[in-house]
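Every heavy atom of this structure was used, including side-chain atoms; hydrogens, water molecules and symmetry mates were not. The shown structure was predicted, so the numbers you read here are calculated from the model rather than taken from an experiment. By convention in this document, chain letters (A, B, ...) are assigned in the order of the sequence lines, proteins followed by strands, and residues within each chain are numbered from 1.
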Amino acid sequence: MHEWSVAEGILRSVIEWAKENNLDSVRKVKVAIPSFTFLELDILKEAYDTLKRGTVLEKSSLEVVYKDPLFKCRNCGNTFNLNQVLGELNEVREEFGEEYPLHLVPGLAPAFIKCPKCGSNDVEVSPQDITIEEVEVNGTAGSSG
Amino acid sequence: MHEWSVAEGILRSVIEWAKENNLDSVRKVKVAIPSFTFLELDILKEAYDTLKRGTVLEKSSLEVVYKDPLFKCRNCGNTFNLNQVLGELNEVREEFGEEYPLHLVPGLAPAFIKCPKCGSNDVEVSPQDITIEEVEVNGTAGSSG
Amino acid sequence: MEPLEALARTKLSNKRVIAVMSAKGGVGKSIISALLSLSFSSSRQTTLIDLDIHTMASTKLFGLEGKVHEVNKKGIVPFSFGKLGVISLGGIVKDRYVVLPGSNTRDVMQSLIAYSDVGEIIVFDLPPGLGDEVLLLEHLTDFTPIVVTIPSKVSVKVVEYLLRYLKERGKRPVLVVNMAYFDCNGKKARPFGGMDYVKNVSEKY
Amino acid sequence: MEPLEALARTKLSNKRVIAVMSAKGGVGKSIISALLSLSFSSSRQTTLIDLDIHTMASTKLFGLEGKVHEVNKKGIVPFSFGKLGVISLGGIVKDRYVVLPGSNTRDVMQSLIAYSDVGEIIVFDLPPGLGDEVLLLEHLTDFTPIVVTIPSKVSVKVVEYLLRYLKERGKRPVLVVNMAYFDCNGKKARPFGGMDYVKNVSEKY
Ligand SMILES: Nc1ncnc2c1ncn2[C@@H]1O[C@H](COP(=O)(O)OP(=O)(O)O)[C@@H](O)[C@H]1O
Ligand SMILES: Nc1ncnc2c1ncn2[C@@H]1O[C@H](COP(=O)(O)OP(=O)(O)O)[C@@H](O)[C@H]1O
Ligand SMILES: [Mg+2]
Ligand SMILES: [Mg+2]
Ligand SMILES: [Mg+2]
Ligand SMILES: [Mg+2]
Ligand code: NI
Ligand code: NI
Ligand SMILES: [Zn+2]
Ligand SMILES: [Zn+2]
């Protein structure tokens, strides 16, 4: 459900960027989302299309790409990917349900995902945030920092 | 003076790496050091050459490269380099003398270096640690992780 | 700007934002945040956001252990006590411990703020230390600092760091002295010492 | 392995390492670390390393404010009290406040350990929270945890997180209850409540 908030955040950041750059219409916004948040695309797009009305993004479409995280254990040096911790992740999802902690707060990943090799929580996760990858304005593409 | 400790750290990390890889002689070690620590090369090399005796590094030489840090302010987004904060840095060096805080603990950089644009201490510094860049073993070059 | 950052800023803009802070731990930040936000809520819609992600004291003070926040279109629904809403990471992780590298705390705090459904007055309960919680709040908004100390030498000296920092950043903090005395059969006992250190520091800042 | 990491590990290897910790702030970690290390130092060369880089309480407890560590070929020379040596970031930054993003705390703590000239027994005074200080120490050595609490509900519940974490990591902590009572004309006054919460948690772990 917090997909509505995510949509609002995306819109606000692009609106601000458009204002700073004196642009009055945006065609497309591409965002990247960590895959382990399992954000629901349908809801996100519905929210985006509802909330964009009356803004410079009124005629824009939203493209979403999922970023697969890479994990690095600072305790033993092991690097691992999402597949290697899917079991653990699914346990958390089962315990907490839809709004499970990493869905809402991806920065919590090290608190819930242990290194499969040494069991440590001392894990670096990259990337772990929602970012604007590209904004298309009247046929030209730019990047909002 | 803590250059002796740095030398010891370099030697220990390479000795361990050599042991793990069953190597009995190392020819050259290349380390990278953040330039704003102003480590003294003479002392570091003297310490290295003294402490290496009796180890697998006995016949090795030490090469040092300085890494210039890049600063990024998380408050205003400004990126800046060492030259832009040299004044501030020199004030700290004058106040504290030889063993000044960033010489000893480069991770303290954000506590002493403010963003020249907005004045915030919310500064990312990269790189800020001493790393082994390359180890040469009997003519072959490897990298100790 | 990142989406979550933009959202967090929006949530705090045009609000009265108060940060209860202290650099020192165990001086009463959480209890004072709780009482303060309760008192504001007698007249205005108030939200207490607990930023101490390791202790999550507000869930204990309000008896919310094990309770989970609902999430709707407006974001995280605060636990509600009349006009007071309480938001805590405890309501997201239930009663699990949160062990976390320091590099992640900023993102976690920012998510909490960005997704909160907030009232007109927002009170932040800060963790001890002088790190991301302060830097992030400074970045997001112009807050009013309420600095809490106890009379002891260690606490006052640590709080002085924070006062100095806030002063350099152009802020004018309110200083609260907690646990100043204990009622011992009508007489004031002072387990954490007299008010000398406090007097000294409050004259300086 | 990085050079500083290798050095920090060496400094702690074959030593008796004790970590005074608590997740909760203001429960007496620093004062207990100080007393404990002083008592060890009556017989053995002991080093107290203060890892609370924002408060640097040990400099206040030992009257070291404004003093600066000397550095020689063996590293940072501890402030010395008989057989006790005290190392604190306060001895590197003098009496300046240390405001620092969370992503830097691990490196700072690791540098302090790596460069310390240490004795046979090492006592660490930890900051509150459940972050890099614990993860780093676990990474560097097999320490003995001394967990400090006060009797209050909030403190005990927070300390329970830490106890649960340590247990899952295979450690057997010693629990110390501080500020249990106050001598009020010969009668025990208990400003932070009775021992019920403590009893409950100590039976569980
Ligand atoms: N004035 C007071 N009298 C008695 N106990 C107090 C008082 N203020 C705080 N406490 C108790 O002291 C402990 C620390 O307070 P807390 O609000 O958790 O501090 P902090 O948030 O600064 O770490 C808690 O157990 C709290 O209930
Ligand atoms: N048993 C005690 N009796 C009286 N004061 C105490 C006691 N233990 C600690 N204090 C005081 O309480 C405050 C917090 O203790 P401190 O050691 O700084 O806690 P921490 O390191 O856990 O934050 C300090 O001012 C300290 O002097
Ligand atoms: Mg980020
Ligand atoms: Mg590092
Ligand atoms: Mg608190
Ligand atoms: Mg302490
Ligand atoms: Ni959701
Ligand atoms: Ni030096
Ligand atoms: Zn690992
Ligand atoms: Zn800046």
Assess the side chains of [X] and [Y]: does a donor N or O sit below 3.5 Å from an acceptor N or O?
X: A/Glu63; Y: A/Ser61; value: no
X: A/Asp129; Y: C/Gln110; value: no
X: A/Lys67; Y: A/Thr131; value: yes

**Request:** Find out whether the Lys NZ or Arg CZ of A/Lys117 is both under 6.0 angstrom from the six-membered ring centre of A/Phe80 and within 45° of the ring's axis.
**Result:**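 That pair does not qualify as a cation-pi contact.
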Working to the nearest 0.5 Å, report the span between [atom1] of [X] and [atom2] of [Y].
X: C/Asp132; Y: C/His139; atom1: CG; atom2: NE2; result: 11.5 Å
X: A/Leu51; Y: A/Trp4; atom1: CG; atom2: CH2; result: 5.5 Å
X: A/Glu8; Y: C/Lys11; atom1: CD; atom2: NZ; result: 6.0 Å
X: C/Ile122; Y: C/Leu12; atom1: CD1; atom2: CG; result: 5.0 Å
X: A/Leu41; Y: A/Lys45; atom1: CG; atom2: NZ; result: 5.0 Å
X: C/Ile18; Y: C/Leu48; atom1: CD1; atom2: CG; result: 11.0 Å

**Message:** Strictly less than 4.5 Å between heavy atoms, which residues of residues 53-88 of chain C line up against chain A? Please order them by number.
**Reply:**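 When heavy atoms of chain A are the reference, residues 53-88 of chain C contributes C/Val71, C/Asn72, C/Lys73, C/Lys74, C/Gly75, C/Ile76 within the under-4.5 Å range.
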**Asked** Using non-hydrogen atoms and a limit below 4.5 Å, what part of residues 145-173 of chain C faces chain A?
**Response**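 Checking residues 145-173 of chain C against chain A gives no residue, so none.
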**Message:** Looking only at heavy atoms and a cut-off of under 4.5 Å, which of C/Leu4, C/Val98, C/Thr10 has the most pairs with chain A?
**Reply:**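 That would be C/Thr10.
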Side chain / backbone / both / neither for [X] at chain C, heavy atoms under 4.5 Å:
X: A/Val123; result: backbone
X: A/Glu98; result: neither
X: A/Phe112; result: both

**Asked** Based on non-hydrogen pairs under 4.5 Å, which of A/Pro101, A/Ala109, A/Ala47 is most in contact with chain C?
**Response**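 Highest number of pairs under 4.5 Å: A/Pro101.
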**Request:** May I ask you to say whether A/Glu136 pairs ionically with A/Arg27, meaning some side-chain N is under 4.0 Å from a carboxylate O?
**Result:**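 A/Arg27 and A/Glu136: salt-bridged.
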